[in-house]
2 protein chains.
Amino acid sequence: MSKKRLGNVWMGETCPIRQVLDRFGDKWSILIIELLSQEGKLRFSEIAQTIGDISQKMLTVTLRSLESDGLVTRRFYPEIPPRVEYELSDLGRSLVPHIEQLTGWGQAHMATIMENRRLFEAKRMEKN
Amino acid sequence: MSKKRLGNVWMGETCPIRQVLDRFGDKWSILIIELLSQEGKLRFSEIAQTIGDISQKMLTVTLRSLESDGLVTRRFYPEIPPRVEYELSDLGRSLVPHIEQLTGWGQAHMATIMENRRLFEAKRMEKN
DNA sequence: CAGCATCCGATTAGATACTG
DNA sequence: CAGTATCTAATCGGATGCTG
């Protein structure tokens with residue numbers, strides 16, 4: 001692969017890695033997708049309570065963007081009080097196996113990473 | 001899975017999804033890992049030029065964190081001018097297939113996502 | 001209940017200047 | 001060349017108040 005082609009591949013918005021990172025690199029999208037995958041249909045308040053430390057604002061924003069992109073479906077029941085249910089779309093479900101690949105890698109290697117980080121920090125300290 | 005257990009799974013720092021997101025959800029780590037995977041050994045300036053729009057500061061910070069976690073090796077040659085080469089470690093290489101799974105999904109579905117987003121926005125506009 | 005609007009503090013990242 | 005240090009601008013996300 002020539003340097004010239006490289007530039008086109010890695011820069012700008014056409015780079016597929018950047019596209020995926022831009023879409024899913026935020027704090028909550030992946031977590032909500034995986035939660036909906038495991039629990040199926042969930043209400044707004046159920047998602048909020050399960051995650052625990054997400055603010056109402058961020059849950060709203062994240063769900064809206066997932067809905068906007070067709071990854072999650074939103075069903076509104078005009079009862080009193082109103083009820084809203086969220087569920088993965090087929091598109092959203094198709095992403096789940098890939099997320100779980102990454103999660104699996106994390107479970108296998110994250111302890112090593114944390115230990116590496118600790119050792120690196122220790123070395124850095126003894127130099128100063 | 002009971003509600004009680006759910007809380008423990010999805011909250012806090014033991015959640016494996018959050019661990020992976022915390023580590024790799026930043027703007028540059030994944031991109032640099034994939035770049036090093038495809039190009040092998042690269043100098044600091046080669047990475048900078050290939051990516052194009054990363055600042056010197058962020059490249060330094062990201063490479064240092066990747067090195068710290070044992071995902072990338074750094075070799076320093078005390079010549080004048082100095083030369084530094086970065087390369088994936090075995091640990092870093094073990095992550096690459098999973099990244100490429102995600103990238104593959106992105107290439108297959110990102111156009112659909114963007115179109116969904118456009119349609120959603122259009123619907124939103126016509127309501128106002 | 002499930003949102004939206006606004007404000008504001010915290011974190012992040014770019015620009016710039018300097019160095020072994 | 002490959003950084004470090006500092007300052008500043010932009011972004012992100014939490015808290016609060018209000019609504020159908």
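Residue numbers start from 1 in every chain, and the chains themselves are labelled A, B, ... in the order their sequence lines are given, proteins ahead of strands.
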Partner residues of [X] under the side chain to side chain donor-acceptor pair (under 3.5 Å) criterion, sequence neighbours left out:
X: Glu34(A); result: Gln38(A)
X: Ser94(B); result: Trp105(A)
X: Gln101(A); result: His98(B)
X: Asp26(A); result: Ser29(A)

Kindly write out the residues that satisfy salt bridge (Lys or Arg N to Asp or Glu O under 4.0 Å) with Arg118(B), not counting sequence neighbours, or none if the list is empty.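 Salt bridge (Lys or Arg N to Asp or Glu O under 4.0 Å) check on Arg118(B) returns Glu115(B).
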
Mind checking salt bridge (Lys or Arg N to Asp or Glu O under 4.0 Å) for Arg74(A) and listing every partner two or more places apart, or none if nothing turns up?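 In terms of salt bridge (Lys or Arg N to Asp or Glu O under 4.0 Å), with neighbours along the sequence ignored, Arg74(A) is linked to no residue.
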
Any side-chain N or O of Ser45(B) below 4.0 angstrom from OP1/OP2 of dA2(D)?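 Ser45(B) to dA2(D) OP1/OP2: side-chain N or O found under 4.0 Å.
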
Given dC1(D), is OP1 or OP2 found less than 4.0 Å from the side-chain N or O atoms of Tyr86(B)?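 Looking at the OP1 and OP2 atoms of dC1(D), neither is under 4.0 Å from any side-chain N or O of Tyr86(B).
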
Contacting residues from residues 53-84 of chain A, given that a heavy atom lies under 4.0 angstrom of DNA chain C: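 Hits under 4.0 Å, by residue number: Gln56(A), Lys57(A), Thr60(A), Arg64(A), Arg74(A), Pro81(A), Pro82(A), Val84(A).
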
Enumerate the residues from residues 24-34 of chain A whose closest heavy atom to DNA chain C is under 4.0 Å, giving them by residue number; use none for an empty result.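 When residues 24-34 of chain A is checked for heavy atoms under 4.0 Å from DNA chain C, there are no hits whatsoever.
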
Do any pairs count as a salt bridge (charged side-chain N to carboxylate O under 4.0 Å, His left out) and have a residue in residues 91-104 of chain B, sequence neighbours left out, and if so which ones?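 Qualifying pairs: Asp90(B)-Arg93(B).
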
Look at Asp53(B) together with Arg18(A) and state whether they make a salt bridge at an N to O cut-off of under 4.0 Å.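 Salt bridge: yes.
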
Salt-bridge contact Glu85(B)-Arg83(B) (side-chain N to carboxylate O under 4.0 Å):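 Salt bridge present between Glu85(B) and Arg83(B).
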
Linking I/L/V/M/F/W/Y whenever any side-chain heavy atoms sit under 4.5 Å apart, do Met114(B) and Val20(A) land together?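 Yes, it is one cluster - the side chains of Met114(B) and Val20(A) are joined through contacts under 4.5 Å.
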
Return yes if some donor-acceptor pair links the side-chain N/O of Thr62(A) with the main-chain N/O of Trp28(A) below 3.5 Å, else return no.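 Such a contact is absent between Thr62(A) side chain and Trp28(A) backbone.
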
Restricting to ring-ring contact (aromatic ring centres under 6.0 Å, His included), what partner residues turn up for Phe44(B), sequence neighbours left out?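 With sequence neighbours excluded, Phe44(B) shows a ring-ring contact (aromatic ring centres under 6.0 Å, His included) to no residue whatsoever.
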
What distance separates Arg75(A) CZ from Glu87(A) CD, expressed to the nearest 0.5 Å?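 Going from CZ on Arg75(A) over to CD on Glu87(A), the span is 5.5 Å.
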
Which angle, rounded to 10°, do you find between the first-five-pair axis and the last-five-pair axis of the helix from dC1(C)-dG20(D) to dG20(C)-dC1(D)?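 Helix axis angle between the two ends: 50°.
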
Walking along DNA chain C from 5' to 3', note the first and the last nucleotide with an atom under 4.0 Å from a heavy atom of chain B, and give both.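 Nucleotide range in contact with chain B: dA13(C) to dG20(C).
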
